[in-house]
Amino acid sequence: MASQQLESKWEGKSIANLKLGKAEQVWPILEDFFNIHEWLPTIDTCYQLNNNTDGLIRYCASTAPPSSSDDGEAIIKWCHERLLTMDKMERYLSYEALENNIGIRSYVATFKVLSSDNDGGDDEEEEEGGCQIEWSFVADPIDGLTLECFSGYIDSTLQSMAEKIEKALECDFARSN
């Protein structure tokens, strides 16, 4: 029976610490709901599907390399995601997964950009900034994955995203000097 197979929701949170860039410099990068493919290494494309009473919905996709069982054809993995909340003052946004072909039944995620806690020390990096990106989620279990595997994917993807953002900020910083 389906009711006997109910599993609890997965919940998780990952944090990436950025040494370069203040929260107010990093937030504009993440608040653009349709540019996630520029920062997430696993996403090839992302664009707006609509802007109506259903809210802002984006299409995200990546190409999986062919496997021997796919007859040599690459597979496009895609997901429609709806923006649920965006707070520019508090620097966070949340979204949910809708239709997809990757096995997600229910998934809600939140990205937050937080100022780093400075302890008032004389560390030179404090002058340059520093902040944190937090990615939290609540999801139904995904067939073929464990919570540990999915959380590991979220964490490694967030760390890669933070590295790309820091490199972009370094380039901007170098150009402005």
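Keep in mind that the numbers below use all heavy atoms, side chains included, and drop hydrogens, waters and symmetry copies.
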Spatial distance of atom CG (Leu18) from atom CD (Glu163) [nearest 0.5 Å]: 9.5 Å

Please identify which of these residues, Ile43, Asn100, Asn101, meets the side chain to side chain contact (heavy atoms under 4.5 Å, CB included) condition with Lys77. Asn101

Separation between CZ of Arg105 and CG of Asp143, rounded to the nearest 0.5 Å: 5.0 Å

Between atom CD1 of Ile165 and atom CD of Glu170, what is the distance when rounded to the nearest 0.5 Å? 12.5 Å

Is it true that Phe150 and Ile36 fall in one hydrophobic cluster, defined by side-chain heavy atoms closer than 4.5 Å? yes

Shortest non-hydrogen contact between Gln48 and Leu56, atoms and distance: NE2-CD2, 3.7 Å

Smallest heavy-atom separation, Arg91 atom then Ser115 atom, equals NH2-OG, 3.3 Å

Between Glu166 (side chain only) and Gly21 (backbone N and O only), is there a donor and an acceptor less than 3.5 Å apart? no

Of all heavy-atom pairs linking Trp135 and Leu158, the shortest is CE3-CB, 3.8 Å

Let me confirm one number: the OG1-CZ distance from Thr45 to Phe34, rounded to the nearest 0.5 Å. 12.0 Å

Hydrophobic clusters here meaning ILVMFWY residues chained together by side-chain heavy-atom distances under 4.5 Å, can you tell me if Val108 and Leu30 are in one? no

Just do the side chain to side chain contact (heavy atoms under 4.5 Å, CB included) check on Thr85 and Tyr92 with the steps written out, would you? CA-CA 8 Å; Thr85 307; Tyr92 74 87; 3.9 Å; yes

Check against side chain to side chain contact (heavy atoms under 4.5 Å, CB included), Leu93 and Tyr95: CA-CA 7 Å; Leu93 67 82; Tyr95 65 95; 3.9 Å; yes

Name the orientation class of the two ring planes belonging to Tyr107 and Phe137 (parallel below 30°, tilted from 30 to 60°, perpendicular beyond 60°). parallel

Has Asn35 got a side-chain atom pairing as donor or acceptor with Glu38's backbone, closer than 3.5 angstrom? no

Approximate separation, where rounding is to 0.5 Å, of Leu114 CG and Cys131 SG: 8.0 Å

Could you tell me the separation between the OG atom of Ser156 and the CE atom of Met161, rounded to the nearest 0.5 Å? 11.5 Å

Please examine the side chains of Gln132 and Val113, heavy atoms only from C-beta on, and report whether any two atoms are closer than 4.5 Å. no

For Ile142 and Trp10: C-alpha separation, side-chain torsions, deciding distance, then whether side chain to side chain contact (heavy atoms under 4.5 Å, CB included) applies. CA-CA 9 Å; Ile142 300 169; Trp10 287 354; 4.1 Å; yes

Suppose we screen for ring-ring contact (aromatic ring centres under 6.0 Å, His included). Which residues come up paired with Trp78, at least two apart in sequence or across chains? His80

Under 4.5 Å between side-chain heavy atoms, counting indirect links through other Ile/Leu/Val/Met/Phe/Trp/Tyr residues: same cluster for Leu84 and Ile57 or not? no

With the 4.5 Å side-chain cut-off for hydrophobic clustering, are Ile104 and Val138 part of the same group? no

Does Glu31 have any salt bridge (charged side-chain N to carboxylate O under 4.0 Å, His left out) partners at least two apart in sequence or in another chain, and if so, which? Lys88

For Lys9 and Ser106, which I'm curious about, is there any donor-acceptor pair between the side chains at under 3.5 Å? yes

Are the side chains of Leu40 and Thr157 in touch, meaning some heavy atoms are under 4.5 Å apart? yes

Taking all non-hydrogen atoms of both residues into account, name the closest pair between Ser14 and Ser151 and its distance. OG-O, 4.2 Å

Kindly list each side-chain donor-acceptor pair under 3.5 angstrom involving residues 58-66, sequence neighbours excluded, with atom names and distances?
unit_1, atom_1, unit_2, atom_2, d
Arg58, NE, Glu81, OE1, 2.7
Arg58, NH1, Phe33, O, 2.6
Arg58, NH2, Glu81, OE1, 2.8
Ser62, OG, Thr42, O, 3.4
Thr63, OG1, Asp44, OD2, 3.1

Got more than 12 heavy atoms from elsewhere within 6.0 Å of NZ, Lys164? yes

For a side chain to side chain contact (heavy atoms under 4.5 Å, CB included) check, start with the C-alpha distance between Leu169 and Val26, then their side-chain angles and the critical distance, and finish with the verdict. CA-CA 8 Å; Leu169 291 173; Val26 173; 3.8 Å; yes

